[in-house]
Amino acid sequence: MEASPFFAEWRHCPRCGSDRLELAGSKATCPDCGKEAYANPAATASAIILNAEGRVLLARRANDPGAGFWDLLGGFVDEGEEGLDALRRELREELGVEIQPGEFLGAFPDTYGADGIYTFNLYWTAWIASGEPSLNDELEEIGWFAPDARPPREEFAFSNTVTALEAWGERVRTSGHAK
Ligand SMILES: [Zn+2]
């Protein structure tokens, strides 16, 4: 079984330093000290931020992975952090705004970066409650896009972003509103 990309840089047991570490699928086992470790996807929290006209806020990434490509706003959840706390924190860091979260939209798996580590990406709809967006240095540009006028799939950094936008679009079509 091929080892998870999470273990790409693993050569030695992290506990005893043995070079006989066995990697199989999502599990690492050390035959010398018995240490077991598991590859788990990294959680992210992101928002489909909407304005009064039902347009969605997209950001162009300044850094790799995906530099120059479009993304939704959000980022990695810290250990022990609530999902919505992570979402609010990321929006404060990236745009300097406070958000009002709407509905939970779904969770979509994906991979990230050159090693292709697995991510598990949580999405909510949200509105800007206060503050004017000002970009931090992780972002190159932001823009409000109508649902039927967003950039093509190949201009997005990550496929889970497109999946989330499609899930939201489907919800709007079936419910007749943008929440
Ligand atoms: Zn060991």
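Residue numbers count from 1 along this sequence. All values derive from a computational prediction rather than experimental measurement. As the structure lists them, so they are numbered: ligands from 1, and atoms in each ligand from 1.
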Under-4.0 Å salt bridge between R171 and E103: yes

Side chains of L135 and E94 in contact at under 4.5 Å (non-hydrogen atoms): no

Number of protein N, O or S atoms [distance to the Zn ion (ligand 1) under 2.8 Å]: 4

Short side-chain to backbone donor-acceptor contact, R55 and A52, under 3.5 Å: no

Partners meeting side-chain contact (heavy atoms from CB on, under 4.5 Å) with A157 (sequence neighbours left out): R61, F69

Parallel, tilted or perpendicular: rings of Y112 and F158 (30°, 60°): parallel

D110 and S159 side chains, donor-acceptor separation under 3.5 Å: yes

